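Report on the following structure.
The structure displayed is predicted, hence computed values, not measured ones.
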Amino acid sequence: MISGVTVYRSPFYVPHNVTGYTRLIHDFSFMLSSGVNWTRVLMKKYDAMVCVYPPLPIGIFPSIFQYLRNIPLIFHIQDLQVDAARQLGLIRREEVLKVLGWMEKYFMKKATRITTLTEGMRHKVIINYFLYL
């Protein structure tokens, strides 16, 4: 408990040398680890959920939870992870980038609201994900 709030911690893999491959393992290890905590809260009632993105796979459980419980999902974007991976050359295989981009777009489309850190990020989200739907 921290200031009256129950906090669940999720251990995950942190790579010593960050590459596209080790970053994917990092993100998916967090998703799997946090899945244990999601099962703890699945049957409780909430007014809304906030999903802080990235990491990319984090959107899986809130999307399922939103579907099952029919509650608003606020998707807070701190960075566009697939775009960053492409620009930094961390992932070069276009097929992988397309699948990851599809996931990113799917989570955004499921959201009731999307928030971002900056106006520039907001603009990037609109241009990359919503202008051509």
Self-check item: Joint hydrophobic cluster, Phe65 plus Leu32, side-chain heavy atoms closer than 4.5 Å
Solution: yes

Practice problem: Find out if a path of hydrophobic residues (ILVMFWY) with successive side-chain heavy-atom gaps under 4.5 Å connects Tyr67 to Ile71. | Solution: yes

Quiz item: If you round to the nearest 0.5 Å, how far is CG of Leu100 from CZ of Arg86?
Solution: 9.5 Å

Exercise. Could you tell me the separation between the OG1 atom of Thr118 and the NE2 atom of His123, rounded to the nearest 0.5 Å?
Key: 11.0 Å

Quiz item: Under a 4.5 Å cut-off applied to non-hydrogen side-chain atoms, are Thr116 and Lys124 in contact?
Solution: no

Quiz item: With a 4.5 Å limit on heavy-atom distance, are the side chains of Ile114 and Ile77 in contact?
Solution: yes

Quiz item: How long is the span from the CZ atom in Phe28 to the CD1 atom in Ile60, to the nearest 0.5 Å?
Solution: 6.0 Å

Exercise. Look at the side-chain heavy atoms of Ile, Leu, Val, Met, Phe, Trp and Tyr, link any pair under 4.5 Å apart, and say whether Met108 and Tyr106 land in one connected group.
Key: yes

Quiz item: Should we count CZ of Arg122 as having more than 12 external heavy atoms under 6.0 Å?
Solution: no

Self-check item: Transitive ILVMFWY side-chain link Tyr46 to Ile58, under 4.5 Å
Solution: yes

Quiz item: Of the options His76, Gln78, Glu104, which is the one that meets Tyr53 in a side chain to side chain donor-acceptor pair (under 3.5 Å)?
Solution: Glu104

Quiz item: Got a donor-acceptor contact below 3.5 angstrom from the Ser33 side chain to the Ser29 backbone?
Solution: no

Quiz prompt | Test item: Cys51 and Leu73 side chains (from C-beta on) under 4.5 Å apart, heavy atoms | solution = yes

Quiz item: Hey, does Thr112 have a side-chain heavy atom less than 4.5 Å from the side chain of Gln66?
Solution: yes

Quiz item: Just by distance, do the side chain of Thr115 and the backbone of Ile74 share a donor-acceptor pair under 3.5 Å?
Solution: no

Practice problem: Report, as yes or no, whether the 6.0 Å neighbourhood of atom OH on Tyr21 holds more than 12 heavy atoms from other residues, nucleotides or ligands. | Solution: no

Exercise. Under the side-chain contact (heavy atoms from CB on, under 4.5 Å) rule, what do Asn37 and Arg9 come out as? Steps first, then yes or no, please.
Key: CA-CA 8 Å; Asn37 291 325; Arg9 300 197 184 275; 5.8 Å; no

Quiz prompt | Test item: Trp102 and Lys105 side chains (from C-beta on) under 4.5 Å apart, heavy atoms | solution = no

Quiz item: Looking at Pro62 and Met49, what are the two nearest heavy atoms and their distance?
Solution: O-CE, 3.3 Å

Self-check item: Salt-bridge present (Lys98, Glu95; N to O < 4.0 Å)
Solution: no

Quiz item: What class does the angle between the rings of Phe12 and Phe30 fall in, given that below 30° is parallel, 30 to 60° is tilted and above 60° is perpendicular?
Solution: perpendicular

Quiz item: Among the clusters formed by ILVMFWY side chains lying less than 4.5 Å apart, do Met31 and Tyr13 turn up in the same one?
Solution: no

